[in-house]
Amino acid sequence: MFSHFKSPMLSGPFWRQAPSLKRKRFSCIVSFMEIYELRYFLVAAKHEHVLKAASELHISPGSISKAIARLEAELCVELFHRSGRGIQLTPSGRKLQHRAAQIVQLEQACRAEITQESLILPVRIVGTETMLGGFASIMLAPLNRQNRRFVAHLDSVENDDETFKQLASGEAQVGIGTALPPKGMRQKRLGHTLSKTCVGPNHPLFGKAQAGADVSVHDVLQYDFVCPREGLLGAFQKERGTDGWNDRAFPRRAAYNATGLAVIIDLVRSGMALAYLPDFICKSYSLETLSVPDCNYVCRQDVRMYALAQAQPDWLSLLMNKRDEPIT
């Protein structure tokens, strides 16, 4: 949405300070890029579907279409391509998606800081289901201590690459994972995890685990393991299994491959298999861990919080600048 007009000589304080511009006629374009249009655009970009975007925003599809059309006219570019019944972002649309997310977030922060309003901050955090389940409370603790009012949307993704993608596009403000972030992103180390061999109450080795007795790696390798199809906290080197176990040094029988953590826990508790899991998961599900002193291998993973490196609202700076907290 924009208007063209010819303006005569302007007057006022600014023009009194710039005498060289007096009495000059000029042509200008006054540009209006409304915040609500950017909000509509971001929701349409997230769903890649006008009807779904309208449903989320509780407005008519026509309102979405008009807002997008005004932005396209304003920027003189095409933001979406039609794709069947949906829409897909053009390269220009992807650039705007990134900037629009920043503008909307900064508008909210500016409103709260300048007017001293007690706004409810919408915080969207992405990461794998396991990471969110283990560390979301640690990430959000600084906001709780500052008595900030917020609504946290915790959305699980398949892997760290998807986390980085959603941060780059502006769909999420904060991410969590184990991989090193790409250029243009900032990271804060939350701590680290150590993986342990977990055993359930119906397993033959449970008694030794409960008594704290050592078990040889030879004895451990006599039993079946359950492994995740993808790393619960991120990918590992090729010589390691999907759970971080060093299969080259200690080959085992991975009899079960599971998609979700719930299935792994169920198989461990039933005694059907052992599992090599991060220590915080073992603790969360009250699983016993085996002491295997002759297995001279430890899987350690650093846990990181991510955000874009550009200018951040104060609440996000608070999260990223707060001193690292230990993982217990």
Side-chain angles (χ1 to χ4, degrees), residues 127-137 154-163 176-179 191-303 327-328:
T128 64
E129 184 177 2
T130 306
M131 296 297 288
L132 290 174
F135 305 106
S137 60
L154 309 173
D155 296 325
S156 62
V157 295
E158 292 296 324
N159 49 50
D160 288 345
D161 287 340
E162 182 62 25
T163 294
I176 183 169
T178 57
H192 69 271
T193 66
L194 297 175
S195 291
K196 306 284 187 179
T197 304
C198 299
V199 60
N202 295 316
H203 196 278
L205 294 178
F206 181 76
K208 289 189 175 183
Q210 200 170 37
D214 292 342
V215 182
S216 71
V217 68
H218 176 269
D219 289 342
V220 169
L221 296 177
Q222 302 308 305
Y223 296 97
D224 292 340
F225 274 75
V226 55
C227 304
R229 289 215 173 107
E230 290 190 9
L232 295 174
L233 303 187
F236 294 97
Q237 299 171 358
K238 291 182 179 179
E239 65 269 15
R240 303 185 190 179
T242 54
D243 54 1
W245 182 272
N246 192 332
D247 284 310
R248 178 177 294 180
F250 307 105
R252 58 185 170 158
R253 189 166 61 245
Y256 307 96
N257 287 284
T259 301
L261 179 60
V263 178
I264 296 174
I265 298 301
D266 182 62
L267 288 172
V268 172
R269 283 178 170 166
S270 70
M272 294 175 64
L274 301 171
Y276 193 58
L277 298 172
D279 46 9
F280 75 91
I281 295 179
C282 302
K283 183 177 179 180
S284 297
Y285 288 92
S286 301
L287 299 174
E288 294 291 341
T289 60
L290 294 170
S291 173
V292 191
D294 59 339
C295 179
N296 57 353
Y297 164 76
V298 176
C299 178
R300 169 180 167 147
Q301 288 180 284
D302 287 331
V303 179
I327 295 176
T328 58

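Between Asp155 and Leu132 the shortest heavy-atom distance is O-CD1, 3.5 Å. When every heavy atom of Ala255 is checked against every heavy atom of Asp224, the shortest pair comes out as CB-CG, 3.6 Å. Scanning both residues, Val292 and Ser216, for their nearest heavy atoms gives CG1-C, 4.0 Å. Residues Thr178 and Met131 share a closest heavy-atom pair of CG2-CE, 4.1 Å. The minimum heavy-atom distance between Val226 and Val268, with the atom names listed, is CG1-CG2, 4.1 Å. Closest approach of Tyr223 to Pro204, counting heavy atoms only: OH-CB, 3.7 Å.
Remark: Met272 CE to Leu267 CG distance equals 5.5 Å, nearest 0.5 Å. Note that the CG atom of Leu274 and the SG atom of Cys198 stand 9.0 Å from one another [nearest 0.5 Å]. In this structure, the separation between CZ on Phe250 and OG1 on Thr197 is 10.5 Å, given to the nearest 0.5 Å. The structure places CD of Glu230 at 9.0 Å from OG1 of Thr242, a figure rounded to the nearest 0.5 Å. Distance CD1/Ile264 to CG/Leu232: 5.0 Å, rounded to 0.5 Å. Residue Ser195 holds its OG atom at 12.0 Å from CZ of Arg300, rounded to the nearest 0.5 Å.
At least one side-chain heavy atom of Leu233 sits less than 4.5 Å from a side-chain heavy atom of Pro278.
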>> Please evaluate residues Val303 and Phe280 with respect to the criterion side chain to side chain contact (heavy atoms under 4.5 Å, CB included), reporting the C-alpha separation (whole Å), side-chain torsions for both, the decisive distance (0.1 Å), and the verdict.
In response: CA-CA 12 Å; Val303 179; Phe280 75 91; over 6 Å; no
> Do Leu277 and Ile265 pass the side chain to side chain contact (heavy atoms under 4.5 Å, CB included) test, and can you show the C-alpha distance, the side-chain angles, and the key distance before you say yes or no?
Replying inline: CA-CA 10 Å; Leu277 298 172; Ile265 298 301; 4.1 Å; yes
>> Pair Leu194, His192 - check side chain to side chain contact (heavy atoms under 4.5 Å, CB included), show working.
In response: CA-CA 7 Å; Leu194 297 175; His192 69 271; 4.1 Å; yes
>> Under the criterion side chain to side chain contact (heavy atoms under 4.5 Å, CB included), I'd like the reasoning laid out for Asn202 against Arg269: C-alpha separation, chi angles, the key distance, then a yes or no.
In response: CA-CA 7 Å; Asn202 295 316; Arg269 283 178 170 166; over 6 Å; no
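Between Phe225 and Trp245, the ring planes are tilted. Angles from 30° to 60° get that label.
Enclosure of atom CD in Glu162 by more than 12 non-hydrogen atoms of other residues, nucleotides or ligands within 6.0 angstrom is indicated.
Between Asp214 and Ser291, the side chains place a donor N or O and an acceptor N or O closer than 3.5 Å (distance only, hydrogens not considered).
In this structure, Asp243 contributes its side chain and Cys227 its backbone to no donor-acceptor pair below 3.5 Å. Arg253 contributes a side-chain N or O that, together with a main-chain N or O of Gln222, makes up a donor-acceptor pair within less than 3.5 Å. A donor-acceptor distance shorter than 3.5 angstrom exists from the side chain of Asp160 to the backbone of Ala179, with no hydrogens or angles considered.
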